Every structure is written in C-alpha cells, then in structure tokens.
Engineer: 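Below are the structure tokens for one structure; questions will follow.
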Amino acid sequence: MVTMLIHPQWNPIALQVGPLAVHWYGISYLAAFGLFFFLALRRSRQPAMAHQGWSREIIEDLLFYGVLGVILGGRLGYCLFYKPGYYALNPLEVLAVWQGGMSFHGGMLGVIAAMVWFAYSRQRPFLQVMDFVAPCVPTGLAAGRVGNFINGELWGRAADPSLPWAMLFRGAGDLPRHPSQIYQFLMEGLLLFALLWLYARKPRQQGQVGAAFLFGYGVFRFVAEFFREPDAHLGLLSLGMSMGQWLCLPMIAGGAALWLWCARKPA
C-alpha cells in the first residue's frame with residue numbers, strides 16, 4: 001500500500017482584522033524584500049564591494065527601485081507572456097493584481113529596467129549595479145516559492161505514486177504530483193544563492209556576477225520546469241517545452257555570452 005503526502009491546504013489569508021486581510025503571498029514578498037535589504041548591507045561590506053561606496057541610503061533607494069520593477073514588471077510580464085489575448089480584451093484587469101498572476105521573467109525585465117534607471121541617475125556603471133544586486137536576489141525567489149507552496153498553487157506534474165514525497169494538491173485531481181514549488185525553492189533559491197554568494201566574494205570582472213545569475217537561474221528554472229505542470233491554457237509548446245523553458249533559453253544564452261564577453265575585457 002502506497003502512502004502519499006497531502007498538501008496541508010493552508011488558508012491563504014494569514015491574518016484578518018475586519019476588512020483588512022493579510023495574505024501569505026504578501027508576507028512572502030515582504031520577506032523577499034527584507035532578505036534583499038539584509039544581504040545587500042552584508043554585501044556592501046565585502047572586500048570586493050568596499051571601494052564602490054554602497055551606503056545604507058543608496059541601498060534603500062536601490063530597494064525602492066527594485067520593488068517597483070518586480071511588481072510592475074511581474075504583472076505586465078504575466079499579462080503579455082501568458083494571457084495576452086485575454087488582457088487585450090480586458091485591459092483594465094491588468095491592474096487587478098489581487099486576482100493573482102505574476103511572472104518571474106517579467107519581474108526580471110522590470111528589475112533590469114529599474115536598475116538601468118538607477119544606474120543612470122546615480123552615474124554608476126549598469127554592470128556594477130547588477131553585480132551588486134545579483135547575489136542578494138535568490139533568497140527572495142525562495143521566499144516566493146514558499147508562498148506558492150502555502151497557497152497550493154503552481155503544483156508539479158503527475159509523479160510516480162511510489163515517490164516518497166509525491167503529494168496530492170487541492171484542485172489538481174486525484175493524481176500524486178511533484179511538489180515543484182519545493183524543487184524551485186531548493187534550486188533557484190537556496191542552491192543558486194549559495195553558489196552566487198561564494199562566487200561573488202572574490203573580485204570578478206565587472207558583469208560576471210550578474211551574468212552568472214542569468215545563466216544559473218536559467219539552467220535551474222529550465223530543469224525545474226520538467227517537473228512543474230505547464231499552464232493549463234498554454235500546455236506544452238514547440239519541442240515539448242513549456243513557456244517557462246522557452247523564456248529561460250535567452251537567459252542561459254545571454255548569461256553565458258555576457259560572462260565570456262566580460263572575461264575577455266582587460267581588468
């Protein structure tokens with residue numbers, strides 16, 4: 001007899017006082033931004049960063065720009081990448097963020113745009129800003145995946161019932177599934193953070209740390225997508241790959257190309 005795990009089915013609302021409801025997913029975003037701020041302060045004291053003048057005030061401004069990029073880019077990316085037809089017919093619902101729907105790849109583009117503006121306004125090289133930011137990001141991604149798991153959303157593909165950690169999710173039918181949120185938490189979150197933090201502790205060619213993030217996230221997300229159920233309205237696309245995997249390919253290629261280009265520049 002095979003015993004399967006069952007998702008705990010937590011209430012998505014962590015705290016409610018009258019009409020005010022605080023959702024677990026919102027808490028995960030707050031945790032992500034808090035972790036970024038904590039790690040950015042630590043990173044500013046690393047020998048490789050000490051000469052660049054990353055003060056607490058500058059990091060606070062950087063976080064503000066980043067929050068705007070994540071929220072605006074994540075929402076717009078979801079609307080454009082995953083449901084362009086629907087939102088073209090219902091443009092006002094783009095603003096209905098409380099209905100859910102955020103895209104990491106859109107959020108990343110939003111953050112890049114925000115960092116471009118930050119670098120321009122502070123007269124800093126864009127690659128220097130990305131190198132500073134990159135190692136501080138994966139823990140925020142990990143926090144987001146915890147929120148996905150608590151909500152019981154973005155579950156994995158059907159798994160062999162004999163898999164010890166196969167899990168039944170509410171709304172996903174009677175098939176045991178991979179807890180792909182946990183896979184992504186471990187790979188895109190904790191593992192990527194550990195690798196980047198160690199890599200960035202020593203001086204690197206400008207741009208290489210940011211390039212390592214692009215490449216590393218792209219690879220880990222590409223692998224995780226083999227275990228994650230594709231969006232129902234999209235399914236698998238060309239070559240049997242999901243939308244997430246197709247969006248990762250430019251990240252992998254761009255990260256590798258940027259790293260090699262930076263490696264060839266004079267120190």
Side-chain angles (χ1 to χ4, degrees), residues 29-74 104-144 187-221 250-267:
Y29 267 74
L30 287 176
F33 298 140
L35 285 167
F36 174 88
F37 186 67
F38 170 76
L39 291 172
L41 289 175
R42 294 287 302 272
R43 179 145 170 74
S44 67
R45 303 186 192 108
Q46 291 178 341
M49 295 287 107
H51 67 285
Q52 295 181 5
W54 291 96
S55 68
R56 184 186 184 94
E57 291 74 19
I58 292 176
I59 292 172
E60 289 173 352
D61 291 344
L62 182 68
L63 177 59
F64 175 76
Y65 280 81
V67 169
L68 289 180
V70 167
I71 295 175
L72 296 178
F104 165 80
H105 295 90
M108 183 196 69
L109 292 175
V111 169
I112 290 175
M115 294 302 101
V116 168
W117 179 252
F118 175 86
Y120 172 78
S121 64
R122 295 283 178 162
Q123 297 184 339
R124 287 176 175 266
F126 169 69
L127 292 180
Q128 181 192 95
V129 175
M130 294 306 295
D131 283 347
F132 180 78
V133 166
C136 309
V137 171
T139 54
L141 303 180
M187 288 194 295
E188 305 162 12
L190 299 189
L191 179 57
L192 182 58
F193 165 71
L195 294 175
L196 277 179
W197 195 261
L198 291 174
Y199 179 72
R201 289 182 66 181
K202 295 182 179 180
R204 305 291 178 183
Q205 289 283 70
Q206 187 168 278
Q208 284 191 312
V209 176
F213 171 82
L214 290 175
F215 181 83
Y217 178 88
V219 169
F220 288 141
R221 175 66 182 270
M251 290 186 67
I252 296 171
L258 178 60
W259 192 95
L260 291 172
W261 179 75
C262 293
R264 293 175 180 176
K265 293 193 303 181

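Note: hydrogens, waters and symmetry copies are ignored here, and every other heavy atom, side chains too, is used. In this text, all values refer to a predicted model and were calculated from it rather than measured experimentally.
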Engineer: Between side-chain atoms of residues 53-73 and protein atoms elsewhere (two or more places apart, or another chain), which donor-acceptor pairs fall under 3.5 Å?
Structural biologist:
| from | atom 1 | to | atom 2 | distance (Å) |
| --- | --- | --- | --- | --- |
| Trp54 | NE1 | Gln52 | OE1 | 2.9 |
| Ser55 | OG | Ile58 | N | 3.3 |
| Asp61 | OD2 | Arg122 | NH2 | 2.1 |

Engineer: Measure the spacing between CZ of Phe33 and CG of Leu30 and express it to the nearest 0.5 Å.
Structural biologist: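 The CG atom of Leu30 is 7.5 Å from CZ of Phe33, to the nearest 0.5 Å.
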
Engineer: List the steps and the verdict of side-chain contact (heavy atoms from CB on, under 4.5 Å) for Met251 and Arg221.
Structural biologist: CA-CA 10 Å; Met251 290 186 67; Arg221 175 66 182 270; over 6 Å; no

Engineer: For the atom pair CH2 (Trp261) and CD (Gln208), what is the distance rounded to the nearest 0.5 Å?
Structural biologist: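 One gets 11.0 Å once the value is rounded to the nearest 0.5 Å.
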
Engineer: State the CZ-SG distance between Phe37 and Cys136, to the nearest 0.5 angstrom.
Structural biologist: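 If we round to the nearest 0.5 Å, Phe37:CZ and Cys136:SG are 11.0 Å apart.
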
Engineer: Output every pair passing side chain to side chain donor-acceptor pair (under 3.5 Å) with a member in residues 194-203, not counting sequence neighbours, ordered by first then second residue.
Structural biologist: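 As it turns out, the side chain to side chain donor-acceptor pair (under 3.5 Å) pairs with a partner in residues 194-203, which skip direct neighbours, are Tyr199-Trp259.
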
Engineer: Which atom pairs, donor and acceptor, lie under 3.5 Å between side-chain atoms of residues 125-132 and protein residues at least two apart or in another chain?
Structural biologist:
| from | atom 1 | to | atom 2 | distance (Å) |
| --- | --- | --- | --- | --- |
| Gln128 | OE1 | Arg124 | NH1 | 2.8 |
| Asp131 | OD1 | Gly207 | N | 3.4 |
| Asp131 | OD1 | Val209 | N | 3.3 |
| Asp131 | OD1 | Gly210 | N | 2.8 |
| Asp131 | OD2 | Gly207 | N | 2.5 |

Engineer: For Ala31 and Ala143, which heavy atoms make the closest approach, and how far apart are they?
Structural biologist: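 Heavy-atom minimum between the residues: CB-CB, 4.3 Å.
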
Engineer: Taking all non-hydrogen atoms of both residues into account, name the closest pair between Pro138 and Glu188 and its distance.
Structural biologist: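 For Pro138 versus Glu188, the nearest heavy atoms are CB-O, 3.7 Å.
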
Engineer: Any chance you could measure Leu39, atom CG, to Leu196, atom CG, to the nearest 0.5 Å?
Structural biologist: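 If we round to the nearest 0.5 Å, Leu39:CG and Leu196:CG are 11.5 Å apart.
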
Engineer: Start with the C-alpha gap between Leu258 and Phe215, add the side-chain angles, then the distance that decides, and say whether side-chain contact (heavy atoms from CB on, under 4.5 Å) holds.
Structural biologist: CA-CA 9 Å; Leu258 178 60; Phe215 181 83; over 6 Å; no

Engineer: Mind listing the closest non-hydrogen atom pair of Ala32 and Gly140 along with its distance?
Structural biologist: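 Minimum heavy-atom contact is CB-CA, 3.5 Å.
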
Engineer: How about Val133 and Phe118: do any of their side-chain heavy atoms sit closer than 4.5 Å?
Structural biologist: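 SC-SC contact between Val133 and Phe118 ruled out.
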
Engineer: Answer yes or no: are there more than 12 heavy-atom neighbours, outside Arg45 itself, under 6.0 Å from its atom CZ?
Structural biologist: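 Count over threshold, so yes.
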
